[in-house]
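One structure below.
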Amino acid sequence: MTVRVRFAPSPTGFFHIGSARTALFNWLYARHTGGKFILRIEDTDKERNSEAFLKVILDSMHWLGMDWDEGPNVGGNYGPYFQSQRTDFYRQKLQELAAKGRAYEKDGAWWLRLEGARSKVFDDHLGREIEKVEAAPMVLDDLIRGRVERAEDRDFVIFRSNGEPVFHFVNVVDDIAMQITHVIRGEDHLSNTSKHLEIFKAFGVTPPAYAHIPLILKTDGPGKMSKRDRGALIEEYQQRRYLPGAVRNYLCLLGWTPANGQEVLPIEEIIRQFELKDIHQSNARFDERKMAHINTQTLRHLPRETFVSLAQPILKSAQVIDDQVTTERLNEVFAIVQEKVNSLEHLPEFVSYFFTDQFTKDPAALANLTKKGGDPAARLCEILPALETCAWTETDLDAAFTATGLAHQRKATDYFAPVRYAVSGQGGGAHLLGILRLLGQAKVLARLRAF
RNA sequence: GCCCCCUUCGUCUAGCCCGGUCCAGGACACCUCGUUUUCACUGAGGUAACUGGGGUUCGAAUCCCCAAGGGGGCGCCA
């Protein structure tokens with residue numbers, strides 16, 4: 001049997017990190033098993049449905065590299081994939097239940113009739129009398145949580161009085177119609193599952209396998225990540241120039257651990273290793289620092305050409321470079337800079353001194369200058385003559401620093417920090433002699449004199 | 001209030017199923033130190049956890065029970 005999983009978002013105008021991970025786990029499972037990944041849009045709530053909202057989801061899915069085998073823009077044999085276009089089908093399925101006596105109309109809405117003894121009870125919490133049903137508990141063999149038993153004790157609405165079906169109903173009806181084999185969804189749906197199982201039972205259909213994955217909690221404070229928390233929306237990472245592969249990699253780590261313990265790894269490897277039984281049972285707190293770390297690691301290991309092709313437009317839009325700066329030049333620069341880079345977001349500040357004299361100067365780096373080599377201005381005066389007459393290769397530059405150190409009874413490295421600051425405005429960065437080589441003698445001397 | 005799920009370093013986790021190899025391992029963060037090539041690098045080191053209580057057992061992070069804590073659900077939202 002071919003695995004068929006689905007991600008069924010509701011287009012509400014944003015793409016939540018929790019939804020992204022649910023989508024990701026479904027996608028990974030489909031790719032791991034060679035099954036089908038289906039995208040179904042749950043837009044039954046007409047109030048909140050719009051073309052623009054849908055676009056947010058599709059764009060984020062694309063950005064994270066999750067492609068679907070059936071759904072919007074690609075079609076499939078089980079469509080339509082928009083629930084707003086399936087209303088007739090839902091009405092038909094409702095009639096089926098009504099004919100079986102498992103659905104009835106009350107107050108203009110349609111209710112699912114549970115099977116069991118009924119009694120009127122006053123509910124303290126709701127503050128009114130309700131009809132309770134002693135229905136048999138629904139037993140779920142969850143792939144992640146094991147056996148979970150829960151009984152529904154009240155009939156519930158499956159079709160609203162305004163003629164629209166409710167989530168529980170369409171969810172099950174479509175899972176049946178689309179022949180979904182595995183439902184991978186957030187643990188917040190665990191309590192809903194007894195309702196869903198009741199609907200499957202009413203239709204006389206064997207339910208799919210379920211896997212309820214843990215939730216993502218706020219970094220600090222109580223509760224799950226909400227759309228208002230920093231880092232909750234995928235578009236934020238896009239804007240901050242995170243690598244989509246790194247975000248995806250981190251998302252995988254929230255609720256799942258690679259077997260060999262290696263955390264930064266290519267998606268092909270994750271697909272190969274991914275098993276539902278390895279998904280954790282407990283919720284995880286979101287930690288952006290760790291995600292930033294994974295982003296940095298991924299960035300540094302990118303092939304040079306890829307890195308340059310990513311960096312080029314960023315530097316251009318930040319007006320650090322113009323069309324005069326060639327790809328060859330960028331290749332030279334990033335040959336020594338890439339391994340030191342932390343993020344694409346801050347790349348312009350990090351490398352601007354290579355391309356412009358208007359680079360920013362880090363006050364903290366300036367404050368640190370006297371720590372090792374004493375008065376920076378004095379050091380620059382001492383090294384200047386040596387650099388003025390130096391042949392411009394790293395070997396010769398190295399010799400110049402050593403010789404100057406010797407002449408003044410100093411360590412050659414006493415000159416590094418002042419020179420670095422004078423030419424780059426920073427306290428760290430790429431290999432210093434490499435920077436000098438790439439900047440060229442004229443620029444270096446000018447900046448040293450200008451200190 | 002009722003129902004369901006969960007509980008190992010600050011955080012993410014390994015180990016738990018098949019009790020001894022765990023005075024609990026890794027990663028992020030943090031701290032310290034090293035570097036005649038600086039660091040937003042790299043190397044070395046460090047602080048830090050089995051929620052509590054009862055059992056079972058020669059022996060429990062691992063099995064059982066209870067409590068506490070955390071999370072979720074209880075809509076004519078999805």
Side-chain angles (χ1 to χ4, degrees), chain A residues 8-12 19 42-45 47-48 83 106-111 123-127 140 142 144-146 148-154 156-168 170-171 186-195 212 214-215 217 219-220 222-224 250 253-259 261-264 277 280-294 296 300 339-343 346 350 365 368 372-373 394 397-398 401-402 405-406 410-421 426-435:
Chain A
S10 185
T12 49
S19 307
E42 304 217 334
D43 53 354
T44 52
D45 187 347
E47 313 265 307
R48 299 195 280 178
Q83 290 186 331
K106 190 182 92 181
D107 305 331
W110 283 85
W111 301 66
D123 186 294
D124 289 334
H125 190 57
L126 295 170
L140 166 68
D142 194 275
I144 294 168
R145 270 141 228 290
V148 178
E149 220 181 281
R150 189 170 185 278
E152 285 299 317
D153 60 1
R154 292 169 60 199
F156 54 92
V157 171
I158 53 179
F159 247 82
R160 291 190 270 265
S161 51
N162 68 3
E164 289 173 34
V166 306
F167 162 72
H168 302 299
V170 296
N171 196 263
E187 199 229 48
D188 48 348
H189 284 294
L190 191 55
S191 296
N192 288 330
T193 308
S194 44
K195 281 192 180 68
H212 285 93
L215 303 181
L217 269 27
T219 302
D220 34 45
K224 57 176 175 174
Y250 175 70
L253 262 24
L254 245 27
W256 176 82
T257 309
Q262 194 194 328
E263 295 184 319
V264 183
K277 67 173 175 56
H280 309 149
Q281 299 187 315
S282 50
N283 297 340
R285 250 174 227 285
F286 175 75
D287 180 6
E288 199 193 317
R289 290 178 305 183
K290 181 133 184 177
M291 183 164 69
H293 170 255
I294 288 169
T296 299
R300 288 180 184 165
E339 58 175 355
K340 310 290 182 178
V341 156
N342 252 9
S343 73
H346 297 118
F350 192 55
N368 275 340
K372 265 193 172 172
E394 287 191 33
L397 286 165
D398 192 19
F401 275 95
T402 307
L406 232 45
R410 296 198 151 271
K411 292 187 285 187
T413 46
D414 285 351
Y415 297 95
F416 275 71
V419 171
R420 175 185 291 282
Y421 181 81
Q426 296 177 20
H431 189 289
L432 180 61
L433 300 185
I435 294 176

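In what follows, every heavy atom counts, from backbone to side chain, and hydrogens, waters and symmetry copies are set aside. Naming convention: chains lettered A, B, ... in sequence-line order (proteins, then strands); numbering from 1 in each chain. The structure displayed is predicted, hence computed values, not measured ones.
- Comparing atom distances between the A/Thr413 side chain and each of B/rA78, B/rU36, B/rC41 picks out B/rU36 as nearest.
- Base pairing of B/rA48: no nucleotide in any strand meets the Watson-Crick or G-U wobble criterion (both distances under 3.5 Å).
- Nucleotides B/rC22 and B/rU32 have their C1' atoms positioned 27 Å apart, rounded to a whole Å.
- Heavy atoms of A/Ala292 sit nowhere under 4.0 angstrom from any nucleic acid atom.
- To the nearest angstrom, C1' of B/rG75 lies 13 Å from CG of A/Asn162.
- A distance of about 25 Å separates the C1' atoms of B/rA29 and B/rC23, rounded to the whole Å.
- In this structure B/rG75 sits in no base pair that meets the Watson-Crick or G-U test at under 3.5 Å.
- For the pair A/Leu140 CG and B/rG73 P, the computed distance is 17 Å after rounding to whole Å.
- In this structure, A/Asp188 places its CG atom 13 Å from C1' of B/rC74, rounding to the nearest Å.
- B/rA14 makes up no base pair with any nucleotide shown, lacking Watson-Crick or G-U wobble contacts both under 3.5 Å.
- If you take atom C1' in B/rU35 and the same atom in B/rG25, they sit 29 Å apart, rounded to whole Å.
- Side-chain contact between A/Leu253 and A/Glu263 is present, with at least one heavy-atom pair separated by less than 4.5 Å.
- Taking the P atoms as reference points, B/rA27 lies 10 Å from B/rA44, given to the whole Å.
- Under the Watson-Crick or G-U wobble criterion, with both distances below 3.5 Å, B/rA24 has no partner in any strand shown.
- In summary, A/Asp188 and A/Lys224 engage in a salt bridge, as defined by a charged side-chain N under 4.0 Å from a carboxylate O.
- Among A/Val148, A/Asp142, A/Ile144, the single residue meeting the side chain to side chain contact (heavy atoms under 4.5 Å, CB included) criterion with A/His212 is A/Asp142.
- If you check B/rC39 for Watson-Crick or wobble pairing at under 3.5 angstrom, you find it has no partner at all.
- Residue order along RNA chain B, read from the 5' end via each residue's closest nucleotide, puts A/Gly428 first among A/Ala109 and A/Gly428.
- Rounded to whole Å, the C1' atom of B/rG69 lies 10 Å from the corresponding atom of B/rG52.
- Considering every non-hydrogen atom in both A/Gly429 and A/Phe350, the closest pair reads CA-CZ, 4.0 Å.
- Separation of the P atoms belonging to B/rA48 and B/rA40 is 27 Å when rounded to the nearest angstrom.
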Practice problem: Show the numbers, then the answer: is there a side-chain contact (heavy atoms from CB on, under 4.5 Å) between A/Phe401 and A/Val419? | Solution: CA-CA 11 Å; A/Phe401 275 95; A/Val419 171; 4.1 Å; yes
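- Residue A/Asp142 is classed as having no contact, given no heavy-atom separation below 4.0 Å to the nucleic acid.
- Taking atom CD on A/Glu394 and atom P on B/rU36, their separation rounds to 19 Å, with Å as the unit.
- Heavy atoms of A/Gly429 sit under 4.0 angstrom from at least one base atom.
- With both ends at atom P, the span from B/rC6 to B/rC66 equals 14 Å, rounded to whole Å.
- A/Ile294 comes within 4.0 angstrom of nothing in the nucleic acid, heavy atoms only.
- When only modelled atom types and interatomic distance are considered, A/Glu42 and A/Ser10 share no side-chain donor-acceptor pair under 3.5 Å.
- The side chain of A/His431 contributes no N or O atom lying less than 4.0 Å from OP1 or OP2 of B/rU37.
- Residue A/Phe156 is out of contact with every strand shown, counting any heavy-atom pair closer than 4.0 Å.
- Atoms NZ (A/Lys277) and P (B/rC16) sit 12 Å apart, rounded to a whole Å.
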Quiz item: Can you give one letter per nucleotide of nucleotides 4-14 of chain B, 5' to 3': B if a protein heavy atom sits under 4.0 Å from the base, S if only from the sugar-phosphate, - if neither?
Solution: SBSS--BSBSS
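- At a threshold of 4.0 angstrom between heavy atoms, the contacts of A/Gly223 are confined to the sugar-phosphate backbone, with no base atom among them.
- Of the two residues near RNA chain B, A/Leu215 and A/Ala8, the one whose nearest nucleotide lies more 5' is A/Leu215.
- Closest non-hydrogen pair, A/Arg285 versus A/Thr219, comes out as CD-O, 3.3 Å.
- The pairing partner recorded for B/rG69 is B/rC6, the criterion being a Watson-Crick or G-U wobble arrangement whose two distances lie under 3.5 angstrom.
- The separation between A/Phe401 atom CZ and B/rU37 atom C1' is 10 Å, rounded to whole Å.
- Of all heavy-atom pairs between A/Gly255 and A/Pro214, the closest is CA-CG, 4.3 Å.
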Contact list (N/O, under 3.5 angstrom) for nucleotides 61-67 of chain B vs protein:
none

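- Using a 4.5 Å cut-off on side-chain heavy atoms (C-beta onward), A/Glu152 and A/Ser194 make contact.
- A cation-pi arrangement is absent between A/Lys290 and A/Tyr250 under the rule of less than 6.0 angstrom and at most 45 degrees off the ring axis.
- Using a 4.0 Å heavy-atom cutoff across all strands shown, A/Asp107 reaches at least one base atom of the nucleic acid.
- Interatomic distance, OG1 of A/Thr296 versus CG of A/Asn342, reported as 4.0 Å (0.5 Å rounding).
- If you measure from atom CG of A/Asn171 to atom P of B/rG73, you get 16 Å, rounded to the nearest angstrom.
- Contacts of A/Asp398 with the nucleic acid, taken as non-hydrogen atoms under 4.0 Å apart, include base atoms.
- At whole-Å resolution of the value, CZ in A/Arg154 and P in B/rG1 are 19 Å apart.
- Across B/rU21 and B/rA68, the matching P atoms stand 33 Å from one another, rounded to whole Å.
- By the ring-ring contact (aromatic ring centres under 6.0 Å, His included) test, A/His189 pairs with A/Phe167, sequence neighbours left out.
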